[in-house]
Every structure is written in structure tokens, then in C-alpha cells.
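Owing to the predicted nature of the structure, the values given are computational and were not obtained by experimental measurement. In this chain, residues are counted from 1 in sequence order.
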Amino acid sequence: TGDTQEKEVRAMVGSDVELSCACPEGSRFDLNDVYVYWQTSESKTVVTYHIPQNSSLENVDSRYRNRALMSPAGMLRGDFSLRLFNVTPQDEQKFHCLVLSQSLGFQEVLSVEVTLHVAANFSVPVVSAPHSPSQDELTFTCTSINGYPRPNVYWINKTDNSLLDQALQNDTVFLNMRGLYDVVSVLRIARTPSVNIGCCIENVLLQQNLTVGSQTGNDIGERDKITENPVSGTENLYFQ
């Protein structure tokens, strides 16, 4: 047919996800007739495949060996969906499913491209007690780790919940050994007798904000609140 269907799916790091590639209900296929290929769209990395009379998967890339499976029973019904286990940040890419029929002269029966978006929850931010590098300045540090994708960091004046000027903060964001993001944000503000500020880590993909406050005057760091998006049953949005 030459028409490629396009789909999107989201998954949490460490979870399992299904990348859908299926013919209409009621389809029937002979596993001795179909050739099925799953690969990444850009790098053409081989994820898994089905070739008649050949059970060897020696050409599967080592990153996907034993992590990517199709169901033989599903394939008989025209369901060539890919089950991907233990999702990692490196899995965030486009995957292409291609099904060919030998009896139809290797005609394309189905072509689907699935974009996988990967997310991980950031740790609750830790805000250091302020220290004074000089007489007229206060410095706060906010740290949060092991999230995905790259976060946005905001500092908030909690007296009126206004955002502080981003020019006052210096963010360092880096990928750790697990391929997840760690962030350290340093805020420098003019010294005042009492200041009540909060650090907010935003995960756009999960529509989640983690906010922790720090108060000077009595130097209490308090875990403030975790605000999720208002949609109920958030988890169900991401696991199709």
C-alpha cells in the first residue's frame, strides 16, 4: 500500500510498553508467508523480526536482544505489535514496523511508525539552607535527580507565588550514568530580613511540578507539595 500509519506512545523508564502494529480485526495470516521487521526509523537498528522457517534472531541489535518480542499467536491474527521490556531513555525514538507477504510477491501488507516518548519522575527537590557569600547576597541551591526528559527549573517567591527572574539562577543539567537527568540550580538574590522562596522542577511530558520551599529567618526547608496535572487517573494516560 505504501501508506505508513503514524502513532505515539509514552512509557515510564523501567516499565514495559506495547508498540502497536496490527491489521484490522478478523485478519488471518500464515506465518510461513509473512516477513515482519521492526527497526528504529533513523538509525535502522534491528529491533526484532520474523522470517519464515528461521527462528534465529542473530541480527537483532544487542540493545534489544531479549527485550523486544512479538506474539506468534498475535501474528496469526494480524497483530504484529512489539512488546518492549524495561524501557530506557535510549528507547526514546521512532520505531518502524513493516510486514510483507511472500505470496503477494513481497508486497507491503502493513507499515506503521510508532514514536516512543520516555519519561521518569524527578526526585523531590532538595533545597539547601541559604548561605551568604557576601553581606548583601543570599545563595540557595536546589537539586533533583533521575528524571526524564530534561526539566525546567523555576524559583518562586512564595509570599505571592510570583516567578523570580530566571537571570538570578544558574542551572546545571547533565545526563547521569543511567541516562537520566540530574539538575542543580543555584539562585542568588539580594539579602532581605526574611525571604520565603520555593524551587519548582517541571516535567513537561508528565505534566508534573515538584515544588519545595525554603524559608530564611528560621531556615526551615519544608517539603511543600507535588502538583500533578488535574486529569484523574494520570497513569492510564501513558500506558496504552
Side-chain angles (χ1 to χ4, degrees), residues 8-15 42 87-94 115-235 237-238:
E8 296 197 24
V9 66
R10 298 178 188 181
M12 299 293 283
V13 169
S15 72
E42 277 160 36
V87 168
T88 73
Q90 291 74 33
D91 293 327
E92 174 151 292
Q93 48 192 319
K94 291 184 176 178
T115 302
L116 176 59
H117 299 286
V118 175
N121 288 309
F122 281 90
S123 65
V124 173
V126 174
V127 180
S128 68
H131 68 279
S132 312
S134 70
Q135 288 301 96
D136 45 12
E137 191 178 65
L138 285 175
T139 303
F140 293 85
T141 304
C142 175
T143 309
S144 180
I145 62 171
N146 288 332
Y148 202 89
R150 191 184 176 93
N152 293 324
V153 185
Y154 305 100
W155 288 88
I156 299 162
N157 177 345
K158 299 194 68 186
T159 315
D160 59 4
N161 278 333
S162 60
L163 289 178
L164 295 176
D165 182 353
Q166 290 202 292
L168 299 170
Q169 73 192 62
N170 184 6
D171 299 341
T172 307
V173 180
F174 46 92
L175 281 170
N176 63 26
M177 297 284 286
R178 297 173 57 191
L180 302 174
Y181 284 104
D182 295 346
V183 58
V184 179
S185 180
V186 178
L187 175 75
R188 290 185 176 81
I189 55 172
R191 174 184 284 284
T192 51
S194 172
V195 58
N196 187 357
I197 58 122
C199 171
C200 173
I201 306 289
E202 180 188 28
N203 188 323
V204 176
L205 188 62
L206 294 178
Q207 296 181 293
Q208 184 185 67
N209 293 314
L210 296 170
T211 307
V212 166
S214 177
Q215 248 175 321
T216 63
N218 54 4
D219 282 358
I220 296 172
E222 27 107 25
R223 173 168 171 170
D224 194 39
K225 62 180 186 299
I226 299 176
T227 56
E228 300 255 356
N229 56 345
V231 181
S232 62
T234 313
E235 294 304 315
L237 286 174
Y238 304 121

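For Phe122, the ring-ring contact (aromatic ring centres under 6.0 Å, His included) test picks out no residue, with sequence neighbours left out. Applying the side chain to side chain contact (heavy atoms under 4.5 Å, CB included) criterion to Thr88, with sequence neighbours excluded, gives Arg67, Gln90, Asp91. Scanning for side chain to side chain donor-acceptor pair (under 3.5 Å) contacts around Arg191 gives Ser132, with sequence neighbours left out. Residues forming a ring-ring contact (aromatic ring centres under 6.0 Å, His included) with Tyr181 (at least two apart in sequence, or on another chain): Tyr148. By the side chain to side chain contact (heavy atoms under 4.5 Å, CB included) test, Ser128 pairs with Thr141, sequence neighbours left out.
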Run His117 and Glu92 through side-chain contact (heavy atoms from CB on, under 4.5 Å) and show every step you take.
CA-CA 5 Å; His117 299 286; Glu92 174 151 292; 4.1 Å; yes
Let me see the working for Asp160 and Ser162 under side chain to side chain donor-acceptor pair (under 3.5 Å), right down to the final yes or no.
CA-CA 5 Å; Asp160 59 4; Ser162 60; 2.7 Å; yes
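By the 4.5 Å heavy-atom criterion applied to side chains, Met12 and Asn121 are counted as neighbours. Looking only at side-chain heavy atoms (C-beta outward), Val13 and Pro89 come within less than 4.5 Å of each other.
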Donor-acceptor pairs under 3.5 angstrom involving side-chain atoms of residues 167-176: please list them, not counting sequence neighbours.
{"residue": "Gln169", "atom": "NE2", "partner": "Val153", "partner atom": "O", "Å": "3.0"}
{"residue": "Gln169", "atom": "NE2", "partner": "Asp171", "partner atom": "OD1", "Å": "3.2"}
{"residue": "Gln169", "atom": "NE2", "partner": "Asp171", "partner atom": "OD2", "Å": "3.0"}
{"residue": "Asp171", "atom": "OD1", "partner": "Ser185", "partner atom": "OG", "Å": "2.6"}
{"residue": "Asn176", "atom": "OD1", "partner": "Arg178", "partner atom": "N", "Å": "2.9"}
{"residue": "Asn176", "atom": "OD1", "partner": "Gly179", "partner atom": "N", "Å": "3.3"}
{"residue": "Asn176", "atom": "OD1", "partner": "Leu180", "partner atom": "N", "Å": "3.1"}
{"residue": "Asn176", "atom": "ND2", "partner": "Asn146", "partner atom": "OD1", "Å": "2.8"}
{"residue": "Asn176", "atom": "ND2", "partner": "Asp182", "partner atom": "OD1", "Å": "3.0"}

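Side-chain contact, Asn157 with Thr159: a donor N or O sits under 3.5 Å from an acceptor N or O.
Considering all non-hydrogen atoms of both residues, Pro125 and Val212 come closest at O-CG2, 3.3 Å.
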